[in-house]
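First the structure, in the form of structure tokens, and then the observations on it.
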Amino acid sequence: MNMLDPTLEFQKLQNQLRDRWRNVVEFDTSDADIIVIPSLSIDQHELLKIEGFLHYEERLLFSLIRLRNPRTRLVYVTSQPIHPSVVDYYLQLLPGIPFSHARDRLLLLSTYDSSTKPLTEKILDRPRLLDRIRQAVNPERAYMICYNSTACERDLSVQLGIPLYALDPTLLHWGTKSGSRQIFAESGIPFPDGSDLVWNAKELAVATAELWERNPELKRVVIKLNEGFSGEGNAILDLRQLGEVKPGTISHQQRVAKIYDHFAHLKFEAKSETWENYGGRISELGAIAEAFIEGDHKFSPSVQGRVTPDGEVEILSTHDQILNGQIYLGCRFPADEAYRMSIQDLSLHVGRTLAAKGALERFGVDFVAVREEEGWKVYAIEINLRKGGTTHPFMTLKFLTNGRYDLSSGLFYSQQGRPKYYMATDNLQKSQYRGLLPNDLMDIIAYHELHFDTSTETGTVFHLMGCLSEFGKLGLTSIGNSPQQAEDLYRRVVKAIDDETKTSDYSHLTSSSIASMRWNSGY
């Protein structure tokens, strides 16, 4: 295997997916052996900014709902074993499938390695574990899915001889901050003015000064590490604090020097970030400067899409994101109807540009929507070529209801024809939740009747349960038949856990945000 060109072999394996592809419905529901590798194969320094990130391997547990197909088998690999009650919880969501039947078709494997190294690397380091995975599946009907695709996932696909339903890692550039801007330009869609990719703080100061000189009325600039994750690599430069050097007052060189000196006063999105660390990362990851979009009425919608193996582009969902500054906390589905169709259309253009470059499977496009006198104006902000925070809530809804997304309305309909809505978060986090074990959460769910009801297709589905005891952190998706019902279900969950832990602190979301079901992005 080592004598083979991994890039060439990987392409051959991906071609197998094209040979198997019929249409979306058949592929999603066909008999298959699915290997789930939920590795967060991204810069580990950036991941360390997220509390409990090792447990984010649990976010793809929605894939267990695929076992509703009685001929599907699934292999799920994690760094550390998943608590048995968490596995039982997901399997009991399956409508019409005996628990034991589903459990027999699920193989859970673990590397028993809690280091910060990406899971895929851990698997590649364990040849006997590789053998177990190979022996567990039929290669003629197997494929692998992952959180994001890098050279490690490519190498794992080749070593297993199993196609990976994900992006070819040679195309990863198009999911970076600078690559996104190139795709937006080629797609002919609106996006903020900004800089090319730079590799040190001096170049960044020059690029920022040039951006300001092109836009003299600019108030703030967003500095972005090119491969930042979930907004944690972003920072804000407030130009209003540099009024004495605004364009037209001093020379370009003097302005660059003042901006460079002011980088020490950047407002970082990550809590513990410092300029000393951040500035050093620019030489590793690269950075861009981008105009901050101002607005009194401003929101942060996003679109999920995918490119099928035959090159077709599909829109899967739209969301309004809940952000703390620029850091993703959660979402509501669908996005507001005022701009829902607009962002769908713009994302189709993006998807077609990506498809022409050979992209496959998931892509997400983040926007900023600003209400102006003449109506809503939207700007594309960045592309994510991976599964993101809006992926697991939507796929949970899809697999539980076996419903469909209607492109003409941007709504999702269950098989009974009911439109469905949800509110979801990865960050229901409070210190007083620490110490709750998964079994404790199950007790609370049962006592307060918070579970998802398959007969009404409403209720709450929980995830990131492994984060709860150590970090007091939990994820959930509250599904309703109206936006108000989804909000009420969400509130009910928070109140129940608060009551059980003797608190009523709603600090994770502001009361004004909950009341209006709108979330000011701060972007």
Side-chain angles (χ1 to χ4, degrees), residues 177 180-181 184-185 187-195 208 211-224 228 230-243 246-247 266-269 288-303 318-347 349-350 364-384 388-390 410 423 483 509-523:
K177 306 302 186 281
S180 296
R181 295 179 58 79
F184 297 150
S187 303
I189 70 173
F191 63 104
D193 192 6
S195 75
T208 303
L211 173 60
W212 195 4
E213 289 157 5
R214 290 196 302 271
N215 303 271
E217 301 305 315
L218 200 59
K219 296 178 181 178
R220 286 177 280 187
V221 170
V222 188
I223 306 298
K224 298 180 176 181
S230 192
E232 299 275 358
N234 293 0
I236 297 293
L237 175 65
D238 194 335
L239 300 177
R240 294 167 295 188
Q241 298 174 1
L242 292 167
K246 65 184 180 181
L266 285 173
K267 178 186 175 184
F268 298 105
E269 294 299 329
I288 64 167
E290 189 170 87
F292 184 98
I293 304 300
E294 305 285 350
D296 294 330
H297 301 280
K298 182 176 59 173
F299 306 103
S300 296
S302 67
V303 176
T318 67
H319 293 86
D320 276 322
Q321 298 181 92
I322 308 171
L323 303 179
N324 178 14
Q326 297 170 54
I327 296 176
Y328 177 83
L329 295 181
C331 62
R332 74 176 180 96
F333 170 85
D336 193 288
E337 61 183 353
Y339 42 74
R340 188 189 307 157
M341 295 296 106
S342 176
I343 61 175
Q344 276 193 170
D345 182 60
L346 294 175
S347 297
H349 288 288
V350 170
V365 186
D366 292 340
F367 294 88
V368 167
V370 182
R371 189 166 65 190
E372 300 179 349
E373 288 185 6
E374 63 273 20
W376 287 92
K377 189 168 184 179
V378 295
Y379 301 85
I381 299 299
E382 61 187 57
I383 297 169
N384 293 307
T390 59
M423 181 174 175
L509 291 177
T510 65
S511 58
S512 59
S513 294
I514 290 289
S516 64
M517 283 297 288
R518 291 284 202 169
W519 299 282
N520 191 326
S521 69
Y523 184 96

| note | For Gly410 and Pro334 the tightest heavy-atom approach is O-CB, 3.5 Å
| Below 4.5 Å, heavy atoms only, C-beta onward: do Arg240 and Arg220 meet side chain to side chain? | yes
| note | dist His319:NE2 -> Thr390:OG1 (nearest 0.5 Å) comes out at 5.0 Å
| request: Would you check if the side chain of Asp336 reaches a backbone N or O of Asp320 as a donor-acceptor pair within less than 3.5 Å? | output: no
| request: Report the C-alpha separation of Leu239 and Lys246 in whole Å, then their side-chain angles, then the decisive distance to 0.1 Å, and conclude whether the side-chain contact (heavy atoms from CB on, under 4.5 Å) test is met. | output: CA-CA 8 Å; Leu239 300 177; Lys246 65 184 180 181; over 6 Å; no
| field | Any Leu266 side-chain heavy atom under 4.5 Å of Ile236 side chain | value | no
| query | Is there side-chain contact between Glu382 and Asn384, with heavy atoms separated by less than 4.5 Å? | reply | yes
| Side-chain heavy atoms of Val221 within contact of Trp212, under 4.5 Å | no
| task | Please check if atom CD in Glu217 has more than 12 non-hydrogen atoms from other residues, nucleotides or ligands closer than 6.0 Å. | result | no
| Pro192 side chain reached by Ile293 side chain, heavy atoms, under 4.5 Å | yes
| query | Can you say whether the rings of Phe299 and Trp376 are parallel (under 30°), tilted (30 to 60°) or perpendicular (over 60°)? | reply | tilted
| query | Can you tell if the side chain of Val365 reaches within under 4.5 Å of the side chain of Leu346, non-hydrogen atoms only? | reply | no
| Any salt bridge between Glu290 and Arg181, counting N to O under 4.0 Å? | yes
| Given side chains that start at C-beta, do those of Leu237 and Phe292 come closer than 4.5 Å, heavy atoms only? | no
| Just by distance, do the side chain of Gln321 and the backbone of Ser300 share a donor-acceptor pair under 3.5 Å? | yes
| task | Give a yes or no on this: more than 12 heavy atoms of other residues, nucleotides or ligands lie within 6.0 Å of atom CD of Glu213. | result | yes
| said: If you define the side chain from C-beta out and look only at heavy atoms, does anything of Ile223 sit under 4.5 Å from Phe268? | reply: no
| field | Flag if over 12 foreign heavy atoms under 6.0 Å of CD, Glu374 | value | yes
| query | Under the side-chain contact (heavy atoms from CB on, under 4.5 Å) criterion, do Asp238 and Lys267 qualify, and how do the steps go? | reply | CA-CA 8 Å; Asp238 194 335; Lys267 178 186 175 184; over 6 Å; no
| query | So, does Arg214 use its side chain to make a donor-acceptor pair with the main chain of Gly194 at under 3.5 Å? | reply | yes
| Is there a donor-acceptor pair under 3.5 Å between the side chain of Arg340 and the backbone N or O of Ala335? | yes
| query | Between Ser195 and Ala289, is there a donor-acceptor pair closer than 3.5 Å when you use the side chain of the first and the backbone of the second? | reply | yes
| field | Derivation and outcome, side-chain contact (heavy atoms from CB on, under 4.5 Å), residues Lys224 and Ile381 | value | CA-CA 11 Å; Lys224 298 180 176 181; Ile381 299 299; 3.2 Å; yes
| remark: When rounded to the nearest 0.5 Å, the distance separating CG of Asp366 from OG of Ser347 is 9.5 Å
| field | Heavy-atom closest contact (Phe191 atom, Ala380 atom, distance) | value | CB-O, 3.3 Å
| query | Asp345 side chain to Met341 main-chain N or O, any donor-acceptor pair under 3.5 Å? | reply | no
